[in-house]
Amino acid sequence: MNLKKNILTLSIGAILAFSPNANASKLPDDVWNFVKEQLPQAHQRFDSVLTISDDIMYIPLYPPMTTTVDSLKVDYSYPSKAFKDLPEVVLLNNGFSFLKVFKDEKGNYTLTKKDDLPIKVRLGLMPQDMLTPMGLKMPESLKLTLGDLLIPSKEENSLSLKDGDKQKVQNPYSPTVKRDEFIPTVDFKNKKTFINSKNSKFLAVFDETSKKPMYELKLSSTPSKIIMSDVSKVALVTYWSGKDIEIIDLKDERILSTISLDSNASDVVLNEKDNIAYVASANANAIYLINLNSMQLDKVIKLDQKPTKLAYCAYDNSISFYDEFSSKVFNLTTQDGAYNVKLMGEVQNVSKIVADNDNIYAISRTQSELSVFDKKEAKLINSAMLDKKPIDALIFDNKLFILCAVDGYMDVYDIIENKIISREKLAQDGFYSKMTLIPGENNVIITGINSKKYLIYSLDKMKLAKSQDSYIDVSNIIILDEAQKL
């Protein structure tokens, strides 16, 4: 037994000594280019793990010594098929190999059970900075590939509160009934909902049936904004205090990456097509490009302005923003790698900016007015008076839906006709301040503080569809569609 242990220790030591690349966070360029040729949909994570889709990923194994070859090709695969057909094991002719991660019948992450794999595969080493899948079940024949990596259990690495923590955060003076109740309707079938209430650093997690939270996730601090990537099933969290932003895996509910900015974030918006988050920092005069495929900071755009209230337009890949210091609206475009900032005009106290291919729509909270700017001409082309304190807006089917908070109205501005075409009173009381699209539907959930209700609004019918009693004040909400494979 001791001899076996010594041999194993020596083997791991030898592999670590001769595999310096296993400590790197990126695959060699030639290997990555070959992977992209075979799997164009692949993304390389910050730790060089390959994500193919929501439920498919590959762990690379770095060889003890790389073999120099004229051109890369697959030397071995199990089952025997092309890389593009997603086999369980792939070995390249330069010694690099890839292990497919999948879930077993009990829902645990695991690898291939084949025990007679080529020696080149079994002597490979996982990236030593890899974020190991929680609870990964390692076959005996592949345990050597772990090196010094430890596999975290679901309990020790999760953001979920432990029983002891739950006791500490309970307020003994809080009412015992109707506290923190979110009452799901049929709209939340096959959905998992994460709710952050006002002034709280906890995320309450609900399923389609639970009134009380199933459990809570403990964040680092009180978040200012949380956005979700539907592509990689992660949430990006910015905080009121502190320069760090965090990326959280919504599947395993743990922190994937922490990225430090030069100052605290003032806003964040998502480029869904490229899976890029744009994070503004007014104090740093910058917009940060966070890649939600690799979970890394890609670029910093330094500005003369103090950006906040971001809006991203996929049609022309532009970012519109507001500078609270000057009360001016700007549009940021890129051409041949250079960034150009163009002034659109001045608006007082902007609460929301939305943009499409032609125009930028800026909403003044205190003036209760919509200002429409032409991007190309860089000038004001229209305006419209809104109900009191407009605070959130979104575009759907050539219409701009504007939520007005004081008296609970929804104003609908027709982008083609350039006028308000509908004004509906949604609620009698409560301060409704946020609209969130419900995945898979043309409906939004409207939430707010001290409302004791949430509203379901139909975008295609332009009508309030439902008013539901609920007893949780919503500051941030994200909705995960569990009907899609995770």
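Bear in mind that the values here come from a model prediction, so they are computed numbers and not experimental data.
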Is there a side-chain contact between [X] and [Y] in this structure, where contact means two heavy atoms from C-beta onward sitting under 4.5 Å apart?
X	Y	value
V341	D304	no
K191	D481	yes
L310	I287	yes
K243	D262	no
V444	F396	no
I319	F330	no
I248	L219	yes
N285	K306	yes

For [range], which residue pairs pass the ring-ring contact (aromatic ring centres under 6.0 Å, His included) check, not counting sequence neighbours?
range	value
residues 232-273	none
residues 257-285	Y278-Y312
residues 72-91	Y58-F83, F83-F98

Report yes or no: does [X] contribute a side-chain atom to a donor-acceptor pair with the main-chain N or O of [Y] at less than 3.5 Å?
X	Y	value
N271	I276	no
S229	N275	no
R122	L144	no
N340	T334	no
S266	A280	yes
K36	A42	yes
Q128	M126	yes
Y454	I183	yes
T110	F102	no
T51	N293	no

What are the two closest non-hydrogen atoms of [X] and [Y], and how far apart are they?
X	Y	result
D187	E441	O-OE2, 3.2 Å
V90	L92	CG1-CD2, 4.0 Å
S77	P87	CB-CG, 4.1 Å
I255	T258	CG2-OG1, 3.9 Å
A286	V300	CB-CG1, 4.0 Å
N190	E208	N-OE1, 2.8 Å

Verify the distance criterion only: is there a donor paired with an acceptor across the side chains of [X] and [Y] at less than 3.5 Å?
X	Y	value
S281	N283	no
T238	S224	yes
S260	D244	yes

### Results of salt bridge (charged side-chain N to carboxylate O under 4.0 Å, His left out) for D267 - residues two or more places apart only
K225
### Query
What residues, two or more places apart in sequence or in another chain, satisfy salt bridge (charged side-chain N to carboxylate O under 4.0 Å, His left out) together with K189?
none
#### Entry: Sequence neighbours excluded - salt bridge (Lys or Arg N to Asp or Glu O under 4.0 Å) pairs with any residue from residues 280-290
none
### Query
Applying salt bridge (Lys or Arg N to Asp or Glu O under 4.0 Å), which residue pairs with at least one partner in residues 315-325 are found, sequence neighbours left out?
D316-K375
### By side-chain hydrogen bond (donor to acceptor under 3.5 Å, both in side chains) - contacts of D116 (at least two apart)
K114
## Note on the structure
Contacts of E140 meeting side-chain hydrogen bond (donor to acceptor under 3.5 Å, both in side chains) (sequence neighbours excluded), chain-then-number -> K143
Who pairs with [X] by side-chain contact (heavy atoms from CB on, under 4.5 Å), at least two apart in sequence or on another chain?
X	answer
N93	V69, L72, K73, D75
S97	L61, L91, V121
K352	V354, I363, D392, A393

### Query
Taking the six-membered ring for Trp, are the ring centroids of F182 and F188 within less than 6.0 Å of each other?
yes
### Query
Taking N196 as the fixed residue, which of T222, D473, N476 is the one that meets the side-chain hydrogen bond (donor to acceptor under 3.5 Å, both in side chains) rule?
N476
### More than 12 heavy atoms from other groups under 6.0 Å of NZ on K81
yes
